[in-house]
Amino acid sequence: MTANDGGELHRGLNGVYFDRSRTCFIDGRQGKLQYRGYSIDDLATLSTFEETAYLLLYGELPTRPQLAELESELISARAVPGSIMDVIRLVGGAHPMDVLRTAVSALSAVDPEAGDHSPEATRRKGTRLTAQVPSIITAHHAIRNDRDLVEPSKDLGHAANFLYTLTGETPTDEAASLMDKDLILHAEHGSNASAFTARVVTGTRADVHSAITAAIAALSGPLHGGAAENVMKMARAIEEPARAADYVKEVRARGEPIMGFGHRVYRTEDPRARHLREGVRRLSQEKGEPKWYGILDAVVEAMRPLGRRGINVNVDFYSGATYYLHGIPLDLFVPIFAVGRIPGWIAQVMEQQEANILIRPRLQYVGPLDSAYVPIDER
Ligand code: COA
């Protein structure tokens, strides 16, 4: 017996295509990203999050009436059910990502179409989840700060309503628009760890709430969604732009990665990063804290030599700074990533359901073989 049957080993499934998809195109060499054939550059500058969510959920850009219908569905699904509020209170002392994962899992128990796995029901559940995820995050944030809950707005768009329910203040158009852009840029990204997790779970014919709960779990790790939080921790540790180069040297000497750099797919700059860079620079000036942009810029400069090895700045480098300058606490950065990513996860769950196959790769066994079993008292 051999340890394996000669199949090729691809650690981390690096470079492996495991299915076909119509959701997202990524060209890691040229730094190109498209959702359903539409450039991220056009979507980030011309569309809204709701329009992009429609594109992902339905496969095409909406007409005005179609968009209005989705917007109204999202608005009417914003309130968090009372029983889920109880769950949030129960686990309210945990990290917001743990609270979100638990609350989304609990939502399956109260979803009106829990037993219906049809594509239409999955899309409707996905629409509800898109609306409910931001409300769960802001409700938990109010509870943990002993503040009154801010009722979701019936008029504001998705991004503006999120900021409104988080802070209790209607955001400026500029602040809402930067958040809207951030959510669009996070809405979908192919077979990343969380979307892959959602597809693995869907592959077993488990339901959409199970898939999204698992996706949130995968997103919570520092190598995936957690990078934005760590970028601002890094910026705070650096303190001054002049210290950036030494900081980078020290971290690299310890063999640790610099957060907000590197990507499994991009060998050039992440095409999402530049859409936030200018916003961060402006916001940094506007808020009278140009130091933060200065520190980030100095880190980019110190990391420039690694560009030759394909290690460049990624989207999280600037998204963390966007949230920080909005006054959002660090531990809400990953949950905000989830706010943006829900439509992409749902699109992939639906795609997996459409042409389902159990996802079951193999592990190459490298341990001992045919070992003699020694009874416990003789070991
Ligand atoms: N800083 C410094 N060096 C880095 C690096 C970073 N952020 N990212 C990768 N590298 C180096 C590694 O040290 C490794 O060097 P080696 O070949 O000398 O050992 C090489 O580049 C390959 O890195 P590896 O971790 O194997 O690449 P990967 O494709 O598995 O990792 C990430 C991709 C995202 C996990 C990795 O780049 C990382 O940890 N980045 C920081 C976290 C982050 O920003 N995540 C958000 C992604 S959107």
Side-chain angles (χ1 to χ4, degrees), residues 11-12 14-15 26-31 33 95 97 178 182 185-186 189 192-194 218-334 336-337:
R11 288 201 69 230
N14 199 353
I26 307 176
D27 181 334
R29 280 180 207 287
Q30 292 191 50
L33 171 61
H95 188 285
M97 258 325 246
L178 188 58
D182 181 85
L185 293 170
H186 281 91
H189 210 223
N192 52 81
S194 55
L219 181 65
S220 67
L223 294 189
H224 189 359
E229 184 174 338
N230 289 323
V231 167
M232 277 324 286
K233 283 185 184 154
M234 170 177 79
R236 291 210 300 206
I238 293 174
E239 286 177 338
E240 291 298 333
R243 291 201 56 240
D246 283 345
Y247 178 92
V248 166
K249 217 182 277 169
E250 284 158 29
V251 175
R252 302 253 302 116
R254 290 200 299 269
E256 291 170 15
I258 301 294
M259 288 292 141
F261 283 81
H263 200 275
R264 182 52 77 75
V265 181
Y266 295 119
R267 288 292 154 245
T268 180
E269 184 180 284
D270 180 333
R272 301 166 296 179
R274 71 187 163 92
H275 288 286
L276 294 179
R277 183 165 34 226
E278 181 52 22
V280 169
R281 195 190 62 75
R282 275 213 310 271
L283 203 61
S284 194
Q285 297 285 353
E286 226 178 82
K287 301 267 176 188
E289 301 203 57
K291 172 175 117 172
W292 298 116
Y293 186 77
I295 292 173
L296 296 182
D297 218 28
V299 173
V300 171
E301 214 36 58
M303 287 292 284
R304 212 172 283 290
L306 275 82
R308 278 198 302 276
R309 292 176 48 204
I311 300 159
N312 298 283
V313 77
N314 63 47
V315 68
D316 291 320
F317 191 72
Y318 294 109
S319 60
T322 308
Y323 312 147
Y324 191 78
L325 289 164
H326 277 310
I328 298 174
L330 292 185
D331 62 1
L332 292 187
F333 289 12
V334 199
I336 297 175
F337 189 148

Short N-O contact, [X] and [Y], less than 4.0 angstrom:
X	Y	value
E229	K233	yes
D27	R29	no
E240	R243	no

Step through the shown structure and confirm whether more than 12 heavy atoms of other residues, nucleotides or ligands are within 6.0 Å of CZ on R11. no
Kindly determine whether I295 and M234 satisfy side chain to side chain contact (heavy atoms under 4.5 Å, CB included), including the steps that lead there. CA-CA 10 Å; I295 292 173; M234 170 177 79; over 6 Å; no
I would like to know whether E269 and R277 meet salt bridge (charged side-chain N to carboxylate O under 4.0 Å, His left out); could you show each step before the answer? CA-CA 12 Å; E269 184 180 284; R277 183 165 34 226; 3.0 Å; yes
Verify, without hydrogens or angle tests, whether [X] (side chain) and [Y] (backbone) share a donor-acceptor contact under 3.5 angstrom.
X	Y	value
D270	Y266	no
D331	H95	no
H263	N312	no
R264	G12	yes
H326	I328	no

Determine whether Y247 and E239 satisfy the following criterion, side chain to side chain contact (heavy atoms under 4.5 Å, CB included), listing intermediate values before the conclusion. CA-CA 10 Å; Y247 178 92; E239 286 177 338; over 6 Å; no
Which atoms form the tightest heavy-atom contact between [X] and [Y], and what is the distance?
X	Y	result
P257	V251	O-CG1, 3.8 Å
A302	A245	CB-CA, 3.9 Å
G31	P271	O-CB, 3.1 Å
A321	L296	CB-CD1, 3.5 Å
H186	S319	CE1-CB, 3.7 Å
A244	A298	CB-CB, 3.5 Å

Criterion side chain to side chain contact (heavy atoms under 4.5 Å, CB included) on M303 and V313, from CA distance to verdict: CA-CA 9 Å; M303 287 292 284; V313 77; over 6 Å; no
Close side-chain approach of [X] and [Y], heavy atoms under 4.5 Å:
X	Y	result
Y318	R272	no
D316	N230	no
L306	F261	no
L178	R282	no
N192	H224	yes
L33	H189	yes

Pairwise side chain to side chain donor-acceptor pair (under 3.5 Å) hits with a residue in residues 290-303, at least two apart: E289-W292, E301-R304
To the closest 0.5 Å, what do you measure between [atom1] ([X]) and [atom2] ([Y])?
X	Y	atom1	atom2	result
L185	L276	CG	CG	5.0 Å
E278	L283	CD	CG	11.0 Å
K249	I258	NZ	CD1	12.5 Å
F337	S220	CZ	OG	11.5 Å

Check the orientation of Y323 and F333. Use parallel for under 30°, tilted for 30 to 60°, and perpendicular for over 60°. perpendicular
Are F317 and V299 close enough, and set up right, to give a side chain to side chain contact (heavy atoms under 4.5 Å, CB included), and what steps lead you there? CA-CA 10 Å; F317 191 72; V299 173; 4.0 Å; yes
